Amino acid sequence: MFITIGKKNLVTAISVAIAGIILACTLGVTSTAAVFFGKSSRKIPVYGVDTTGEEKVIALTFDAAWGADKTQGIIDTMNKYDAKGTFFLVGFWLDKFEEETKAIAKAGFDIGNHSRNHLNMPKLSDSEIRAEIEYVNDRVKELTGITPKYFRAPFGDYSDRLMTAVEELDMVGVQWSIDSLDWKGLSAKQIYDRVVPKAKSGDIVLFHNNSDHVLDALPLVLGALKSAGFKFVTLSELVATSGYTIDNNGIQHKAS
């Protein structure tokens with residue numbers, strides 16, 4: 001079916017659209033609930049943080065879904081460089097590796113929520129989404145006494161419904177600004193090349209806890225970034241949970 005628009009109506013529509021663009025630019029809209037042509041834009045997770053005027057920091061994160069034999073090695077390597085990071089745990093992983101989960105928390109690392117079953121979350125119903133997230137929160141609290149504050153969607157696949165559920169659970173959705181692609185079996189040097197040259201303050205870097213060469217790559221990455229003046233922080237040290245806005249690039253700006 002085709003809809004015919006009269007010349008006068010077309011001119012009016014174009015004028016309204018242009019006015020909307022001008023208004024958005026004038027107001028400097030950066031919120032995830034920004035208004036664009038009268039509609040709300042997509043809710044955006046945190047990809048990185050604006051650290052202008054602050055010390056040079058970077059957050060290394062490790063998704064854990066399969067395998068755990070390198071987890072303690074990651075903790076030990078990070079500790080050698082006076083570095084802390086964040087592990088995002090899947091429910092079936094922490095069910096299988098309870099002692100490793102406790103060790104992560106005991107070592108002073110943050111634990112984030114990576115869903116119970118590592119499913120494509122936007123395809124689930126609202127109740128299923130909440131169940132996936134709440135299960136991991138409950139189990140992490142049971143094992144460590146701490147409730148996760150940050151959620152990372154499996155496959156990095158978000159939707160407004162998912163983000164709404166995360167917000168309603170008083171959590172923050174977190175993506176990444178640098179992907180090491182370590183899960184592809186890249187060599188330590190290839191991982192280094194993907195991370196170090198791109199790194200800037202406020203970045204969130206994605207690794208996986210059981211990738212083939214993560215233990216070979218970490219000393220190279222940590223050594224180079226430390227020499228460049230970076231401090232390694234957990235997400236709770238970097239990402240605010242209140243009083244912030246997120247711009248269209250996923251950069252979190254904390255309230256002054």
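As the structure is a computational prediction, the values presented were derived from the model and not from experiment.
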Legend entry - Closest non-hydrogen atom pair between A165 and I129, with its separation: CB-CG2, 3.7 Å
Legend entry - Contacts of F155 that satisfy ring-ring contact (aromatic ring centres under 6.0 Å, His included) - sequence neighbours left out: H118
Inset, instruction - Could you check if a side-chain atom of L124 sits within less than 4.5 angstrom of a side-chain atom of L119, using non-hydrogen atoms only? - result: yes
Legend entry - Atom of L225, atom of A199 and distance for their closest heavy-atom approach: CD2-CB, 3.6 Å
Inset, instruction - Determine whether more than 12 heavy atoms belonging to other residues, nucleotides or ligands lie under 6.0 Å from atom NZ of K254. - result: yes
Inset, instruction - Could you grab the distance from atom OG of S159 to atom NZ of K43, nearest 0.5 Å is fine? - result: 10.5 Å
Legend entry - Side-chain H-bond candidate by donor/acceptor type, N137 with T147, under 3.5 Å: no
Legend entry - Pair Y135-N113, side-chain donor/acceptor within less than 3.5 Å: no
Legend entry - Over all atoms of both residues, closest heavy-atom pair of L162 and D157: CD2-O, 3.7 Å
Legend entry - From L181 atom CG to I191 atom CD1, the distance as rounded to the nearest 0.5 Å: 9.0 Å
Inset, instruction - Please report the C-alpha distance between R139 and D95 in whole Å, then the side-chain angles of each, then the deciding distance to 0.1 Å, and finally whether the salt bridge (Lys or Arg N to Asp or Glu O under 4.0 Å) criterion is met. - result: CA-CA 8 Å; R139 287 290 283 130; D95 283 341; 2.8 Å; yes
Legend entry - Gap separating the NZ atom of K70 from the NE2 atom of H213, nearest 0.5 angstrom: 7.5 Å
Legend entry - Expected output: side-chain T71 to main-chain A68 donor-acceptor under 3.5 Å: yes
Inset, instruction - Measure from NZ or CZ of K56 to the centre of the six-membered ring of F230, then state whether that distance is under 6.0 Å and the direction lies within 45° of the axis. - result: yes
Inset, instruction - For Q190 and S187, indicate whether the former's side chain and the latter's backbone hold a donor-acceptor pair under 3.5 Å. - result: yes
Legend entry - Working for side-chain hydrogen bond (donor to acceptor under 3.5 Å, both in side chains), residues D247 and H253: CA-CA 8 Å; D247 66 27; H253 301 269; 2.9 Å; yes
Inset, instruction - Kindly say whether H208 contributes a backbone atom to a donor-acceptor pair with the side chain of D182 at under 3.5 angstrom? - result: yes
Legend entry - Contact check, side chains of K149 and V172, non-hydrogen atoms, under 4.5 Å: no
Legend entry - Heavy atoms of other groups near Y192 OH, more than 12 under 6.0 Å: no
Legend entry - Nearest heavy atoms of G173 and V166, plus distance in Å: N-CG1, 3.7 Å
Legend entry - Worked check of side-chain contact (heavy atoms from CB on, under 4.5 Å) between L89 and F62: CA-CA 9 Å; L89 307 185; F62 304 87; over 6 Å; no
Inset, instruction - Classify the side-chain pair D63/N209 by whether it contains a donor and acceptor separated by less than 3.5 Å. - result: no
Inset, instruction - For the residue pair F232 and K226, establish whether any side-chain heavy-atom pair is separated by less than 4.5 Å. - result: yes
Inset, instruction - Answer with yes or no whether the hydrophobic clustering places I133 together with L235; edges join I, L, V, M, F, W, Y residues whose side-chain heavy atoms lie under 4.5 Å apart. - result: no
Inset, instruction - Treat each ILVMFWY residue as a node, draw an edge where side-chain heavy atoms are under 4.5 Å apart, and state whether L220 and L215 are in one component. - result: yes
Legend entry - Closest approach of L186 to S180 (non-hydrogen atoms, all atoms of both residues): CD1-O, 3.5 Å
Legend entry - Polar side-chain atom of Y150 near backbone of V239 as donor-acceptor pair, under 3.5 Å: yes
Inset, instruction - Enter the distance from L218:CG to S211:OG here, rounded to the nearest 0.5 Å. - result: 8.0 Å
Legend entry - W176-F207 aromatic ring centre distance below 6.0 Å: no
Inset, instruction - Answer yes if I111 and M78 sit in the same cluster of Ile, Leu, Val, Met, Phe, Trp and Tyr residues linked by side chain heavy atoms under 4.5 Å apart, and no otherwise. - result: yes
Inset, instruction - Using a cut-off of 6.0 Å, state whether more than 12 heavy atoms not belonging to K184 lie near its atom NZ. - result: no
Legend entry - Y244 side chain vs A255 backbone, donor-acceptor pair below 3.5 Å: no
Inset, instruction - Indicate whether the side chain of S125 and that of E128 have a donor and an acceptor atom separated by less than 3.5 Å. - result: yes
Legend entry - N117 backbone acceptor or donor facing E132 side chain under 3.5 Å: yes
Legend entry - Check: T61/R152 side-chain N/O donor and acceptor closer than 3.5 Å: yes
Inset, instruction - Supply the atom-to-atom distance D212 CG to W183 CH2, rounded to the nearest 0.5 angstrom. - result: 12.0 Å
Legend entry - Side-chain H-bond candidate by donor/acceptor type, D50 with Q252, under 3.5 Å: no
Inset, instruction - Please test E134 against R116 for salt bridge (Lys or Arg N to Asp or Glu O under 4.0 Å), starting from the C-alpha separation and ending with a verdict. - result: CA-CA 8 Å; E134 290 177 328; R116 180 178 184 176; over 6 Å; no
Legend entry - Heavy-atom side-chain proximity of V140 to L94 below 4.5 angstrom: yes
Inset, instruction - Using side-chain contact (heavy atoms from CB on, under 4.5 Å) as the criterion, list what pairs up with T234, not counting sequence neighbours. - result: K84, T86, D110, S236, E237
Inset, instruction - State whether the side chain of S177 and the backbone N or O of D203 hold a donor-acceptor pair below 3.5 Å, judged by distance alone. - result: no
Inset, instruction - Any chance you could lay out the side-chain contact (heavy atoms from CB on, under 4.5 Å) test for L60 and L222, step after step, and finish with the verdict? - result: CA-CA 10 Å; L60 305 190; L222 290 166; 3.7 Å; yes
Inset, instruction - Indicate, with yes or no, if Y47 and M171 share a hydrophobic cluster defined by side-chain heavy-atom contacts under 4.5 Å among Ile, Leu, Val, Met, Phe, Trp and Tyr. - result: no
Inset, instruction - Would you check if F88 and V174 make a side-chain contact, meaning some heavy-atom pair closer than 4.5 Å? - result: yes
Legend entry - pair M121-P154: side-chain heavy atoms closer than 4.5 Å: yes
Legend entry - Worked verdict on V136 versus H114 for side-chain contact (heavy atoms from CB on, under 4.5 Å): CA-CA 8 Å; V136 174; H114 200 31; over 6 Å; no
Legend entry - Step-by-step side-chain contact (heavy atoms from CB on, under 4.5 Å) determination, L238 to I204: CA-CA 9 Å; L238 178 66; I204 298 170; 4.0 Å; yes
Legend entry - Non-hydrogen side-chain atoms of F97 and K102 separated by less than 4.5 Å: no
Legend entry - Co-membership, hydrophobic cluster, residues I58 and V46, 4.5 Å side-chain: no
Inset, instruction - For the pair D126 and R130, find out whether any cationic side-chain nitrogen is under 4.0 Å from an anionic carboxylate oxygen. - result: no
Inset, instruction - Return yes when atom NZ of K141 has more than 12 non-hydrogen atoms of other residues, nucleotides or ligands closer than 6.0 Å, and no otherwise. - result: no
Legend entry - Interatomic distance, E98 atom CD to E142 atom CD [nearest 0.5 angstrom]: 7.0 Å
Inset, instruction - Over all heavy atoms of both residues, which pair between W93 and I104 is shortest? Give the atoms and the distance, please. - result: CH2-CD1, 4.2 Å
